[in-house]
Amino acid sequence: MAYVRWSHYFLPTWKEEPAEADLPSHRLMLRAGLIRPLAAGIYTYLPCGWRALRRVEAVVREEMDAIGGAELHMPVVHPAELWARTGRLDDFGPSLVRFEDRAGREMLLGPTHEEVVTDLARREIQSWRQLPLMLYQIQTKFRDEPRSRGGLIRAREFTMKDGYSFHEDAPDLDRYYPEVYRAYERIFRRCGLSPVPVEADPGLMGGSGSHEFMLAHDQGEDTFVRCAGCGYAANREGAVAVKEPDPDEPLLPQEEVATPNCYTIEAVAAFLGIPTRKTAKAVFYRAGKELVFVVIRGDLEVNEAKLARVLGTTELSPATEEDIVAVGAVPGYASPIGISGDEVVVVVDDSIPSARNLVAGANKEGFHLRNVNFPRDFPAQLVTDVALARDGDPCPRCGGMLRVQHGIELGHIFKLGTKYSQSLGATFLDRDGQARPLVMGCYGIGIGRLLAAVIESHHDEEGIVWPTEVAPFQVLVTVLNPKDGDQIALATSVATHLAQAGLEVLLDDRERSPGEKFHDAKLVGIPVLAVIGPRSLRTGEVDLERRRDGVRNPTPASPDSIERAVQDLLRTG
RNA sequence: CGGAGAGUAGCGCAGGUUGGUCAGCGCGCAUGGUUCGGGACCAUGAGGUCGGCGGUUCAAAUCCGCCCUCUCCGACCA
């Protein structure tokens, strides 16, 4: 293996901060010459960025192979008809890029590959003897996200490792799923990351069990809750929090009270001098044709994901004023008491039944009702938990305190069950000769996002600090004056020797001032820097510097001692 | 899709309100020279349809209209 000469490589660095980047990983990937934007959420990987990406891929491949995965490669372009059969053509909505081929066939750019892999399994898997099976790929996906941001953290075109396992029955999936879980933990640890595994909402993917691996990060695109006490962690969409009931008190008779200009819960509570949790808040949504009237304790917020799930819908949007008026409610003073219409569904959050003598709207401009109680005063079609867990709420497992955190979703694993195999007719014959649908799991990791997350977690003021395992090169050999024949001779012999020892070596032989080369070295973040300058020729020593902590060791300039010292630094750095 | 902001040389920006020596600055780039252990210096030089289209005007980077693109916040998101 040969070393790479920077003067003949393509590693363009930027001295100045790009104006258009906010996240450290995004800024550094641009500055350190790893990526360049082509359009919103669409990036070119430059050679050094591509090398780093391949290092991450190598880790993922090793761990996937270790749990019996077989790598394959599926198409980017899918026939829309296949997606129509699972119903996801509509479910995915506008983030699915669709087009017609020249024959007028509807096609799309694959945002994920459940349909394609299940179709493959349908054709090829006939017998229980072929199971279990784990197939995976590392491949480009495209999702026309309404909002791409943060560089590779949330791109529209992105590289993903997606794996799919096939099983005879649910118990076999249950047995295998933890193996994938542990493989994921190993992958992230090798990349220098410690994401929190959280219980997740399977969402559009369907299925019964699901975990997301969330890297805690203030600017993360996702939100989850975690209990410091017992380790309970869940995606915010699925998180459950304990709602402490009010002390029991006798139910008082309803009475009307004037509350002029009180259009919000806060205003009503302040006006009447009561805490917000002694009010009932009315929130309206439209779900297709139906109007949904949610009643929830005034201090809580509606969790729209939970609501959509209990309603069994994917189309949930806030209702308009006209919608609200149409069912006999008064915006700002809406009440569950006295509304009407066949197409209204009243959903009562489970915070309401245990609450006593609440203040609710009177469906009359300027008035509220005191002492409203459920179910005494109004009916509901559904009573269930639709509240958003809050920071500081009690943990459902141990009663400790939940913390809300932002995070970057690095991976997501699902027990899909038979959702896709059933809709696509992917069956096999079991030991008794019975046709049964394949039981599936699916497992994703955003590779580009993972790379960005590595940088997000491993950088300092001056640049990237690559963990050795995913560094694009392990050693940077910098020749301070490449025009000096003795320096370049020493440097090339060191670089050659290190490369022959199996290390990936970048030789900075550019004719630049030393300061500039040192700064670029920090920026690009290769774990070990070997400096060869006039001093080396004088003293017979090469300076080895570890990027992580700046520790410098003068090392005798013989190739063997340098290799030993470099290996030492890599092991500890 | 809603809110906010931005598009002037490869990058970072000034100029714009008051239309007219207004095509500018720093970095970078090219050439020559001096430097060479933590973003050196001198000299010379190249590089821009001022995002696009249309309008107002004797005259538009500057004023008006429409459109495009990008960024951030929100909605959304395997």
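All values reported here derive from a predicted model rather than from experimental measurement. Labels below follow one simple rule: chain letters A, B, ... track the order of the sequence lines, proteins then strands, and each chain is numbered from 1.
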Just say parallel, tilted or perpendicular for the rings of [X] and [Y], cut-offs at 30° and 60°.
X       : Y       : answer
H113(A) : H78(A)  : perpendicular
F92(A)  : W83(A)  : perpendicular
H167(A) : Y176(A) : tilted

Now, which nucleotide makes the Watson-Crick or G-U wobble pair with [N], with each of the two distances under 3.5 Å?
N       : value
rA60(B) : none
rC76(B) : none
rU17(B) : none
rG12(B) : rC25(B)
rU71(B) : rA4(B)
rA43(B) : rU31(B)
rC66(B) : rG52(B)

Provide the distance between the two [atom1] atoms, one in [N] and one in [M], to the nearest whole Å.
N       : M       : atom1 : value
rG65(B) : rC76(B) : C1'   : 32 Å
rC58(B) : rC63(B) : C1'   : 16 Å
rC73(B) : rG37(B) : P     : 44 Å
rU69(B) : rC25(B) : P     : 33 Å
rG24(B) : rU62(B) : C1'   : 15 Å
rU71(B) : rC66(B) : C1'   : 22 Å
rA23(B) : rA61(B) : C1'   : 9 Å
rU18(B) : rC13(B) : C1'   : 23 Å

Touch check for [X], heavy atoms < 4.0 angstrom, all strands: base, sugar-phosphate only, or nothing?
X       : value
D543(A) : base
E304(A) : sugar-phosphate
K522(A) : base
P111(A) : nothing
G150(A) : sugar-phosphate

Once you round it to whole Å, what is the distance between P of rC77(B) and CZ of R449(A)?
14 Å
Rounded to whole Å, CG of D222(A) lies from P of rC77(B) at a distance of 11 Å
What pair of heavy atoms forms the shortest contact from D549(A) to R546(A), and how long is it?
OD2-NH2, 2.7 Å
Residues of residues 67-76 of chain A with a heavy atom under 4.0 Å from any atom of RNA chain B, listed by number, are none
Side chain of F518(A), heavy atoms from C-beta onward: which of rG37(B), rC70(B), rC77(B) has the nearest atom to it?
rG37(B)
N/O to N/O distances under 3.5 Å, protein versus nucleotides 39-47 of chain B:
residue, atom, partner, partner atom, Å
rG39(B), O4', E516(A), N, 3.4
rG39(B), N7, H519(A), ND1, 3.1
rG39(B), N2, E516(A), OE2, 3.2
rA40(B), OP1, S513(A), OG, 3.3

Does the base of rG37(B) carry an N or O that pairs as donor and acceptor with the side chain of R552(A) under 3.5 Å?
no
Any N or O donor-acceptor pair linking the side chain of R154(A) to the base of rC76(B) at under 3.5 Å?
yes
Looking at E17(A), E16(A), E462(A), which hits salt bridge (Lys or Arg N to Asp or Glu O under 4.0 Å) with R31(A)?
E17(A)
Does either side chain, that of [X] or that of [Y], offer a donor lying less than 3.5 Å from an acceptor on the other one?
X       : Y       : value
Y285(A) : E304(A) : yes
H412(A) : Y443(A) : no
H519(A) : K15(A)  : no

Taking the cut-offs as 6.0 angstrom to the six-membered ring centre and 45 degrees off its axis, would you call K415(A) and Y177(A) a cation-pi pair?
yes
